[in-house]
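Because the structure is predicted, anything quoted here is derived from the model rather than measured.
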Amino acid sequence: MIVYPVFILEVLQTVLREVDHFEIEVMRFGDVSVFNEALHFWLSTPILTAVTSAIVQAYFGYRIRVLSGSWIVPLIVWMPTLVQLGAGLSLGIMTVSLDIIEVETTSHLIAIALTWLASSTVVDILIAVLLTYFLLKFKSGLKATNDILTNIIRLTIETGFCIRNFDRCLGDPHHYSLRQKTPVVRDFC
């Protein structure tokens, strides 16, 4: 049910990025001023990433609701999901209105970008912790069932927490570029 909308958003994001890369690397090759223009990056990175993340995080919140049997527990996941969605949308809108690509140029964009990244990280950690907790509650005395649950828990922790958030936690938050999802390392100016 959510696979097709997420797939369409990812294809749209890929197409927009490739259009911008073609504009930068082919159509305007050698024009240094293109690196300071937003082009379609305002839509392809903050807005589409925030929307896609919100869809997936809301789905995991629903799965946590099914496992927990409570409506209160998924609210812990859904509230920061709404914060990261709002911050991602506002970052994209403010980027296109200011027509800038480097977040480090204005302090209010830094605050919005940090809110977006921090809330997304918090949601991912909450999803990993809550899924692990509720899956551990379902362990029984059967070895085959416990082995399957252990593998699911390991997969949840490895993919949902460790791999996704290291690029956010280790980078300099004041040096975040909308051209890519990871902090920028400048070797030259």
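Side-chain polar atoms of Q13 and T49 form a donor-acceptor pair below 3.5 angstrom.
Checked options V56, V122, V123; the residue passing with T81 is V123 (criterion: side chain to side chain contact (heavy atoms under 4.5 Å, CB included)). Put simply, the residue from T52, V51, V11 that forms a side chain to side chain contact (heavy atoms under 4.5 Å, CB included) with V6 is T52.
Side-chain contact between W116 and P46 is present, with at least one heavy-atom pair separated by less than 4.5 Å. The shortest side-chain heavy-atom distance between L91 and I47 does not fall under the 4.5 Å cut-off. Residues V77 and R65 are not in side-chain contact: their nearest non-hydrogen atoms beyond the backbone lie 4.5 Å or more apart. In this structure the side chain of Q57 reaches within 4.5 angstrom of the side chain of S120, judged on heavy atoms.
The two residues I76 and L126 make their nearest non-hydrogen contact at O-CD1, 3.5 Å. Nearest heavy-atom pair, V73 versus S68, reported as atom, atom and distance to 0.1 Å: CB-OG, 3.9 Å. Closest of all the heavy-atom pairs between P74 and G61 is CB-O, 3.2 Å. When all heavy atoms are compared, the tightest approach of S53 to Q84 is CB-NE2, 3.6 Å. The two residues W71 and W78 make their nearest non-hydrogen contact at CZ3-CH2, 3.8 Å.
Atom CG of D124 is separated from atom CZ of F60 by 9.0 Å, given to the nearest 0.5 angstrom. For the atom pair L12 CG and R17 CZ, the distance stands at 11.0 Å (nearest 0.5 Å). In this structure, the separation between OH on Y59 and CD1 on I64 is 11.5 Å, given to the nearest 0.5 Å. Note that OG1 of T132 and CD1 of I127 are 11.0 Å apart. Values are rounded to the nearest 0.5 Å.
Cluster annotation: Y133 is connected to L67 through the hydrophobic network of ILVMFWY side chains, with a link wherever side-chain heavy atoms come within less than 4.5 Å. Note: the hydrophobic cluster containing L82 does not contain L89 (ILVMFWY, side chain heavy atoms under 4.5 Å, direct or indirect links). By the criterion of side-chain heavy atoms lying less than 4.5 angstrom apart, applied directly or through intervening Ile, Leu, Val, Met, Phe, Trp or Tyr residues, L16 is grouped together with I55 in one hydrophobic cluster.
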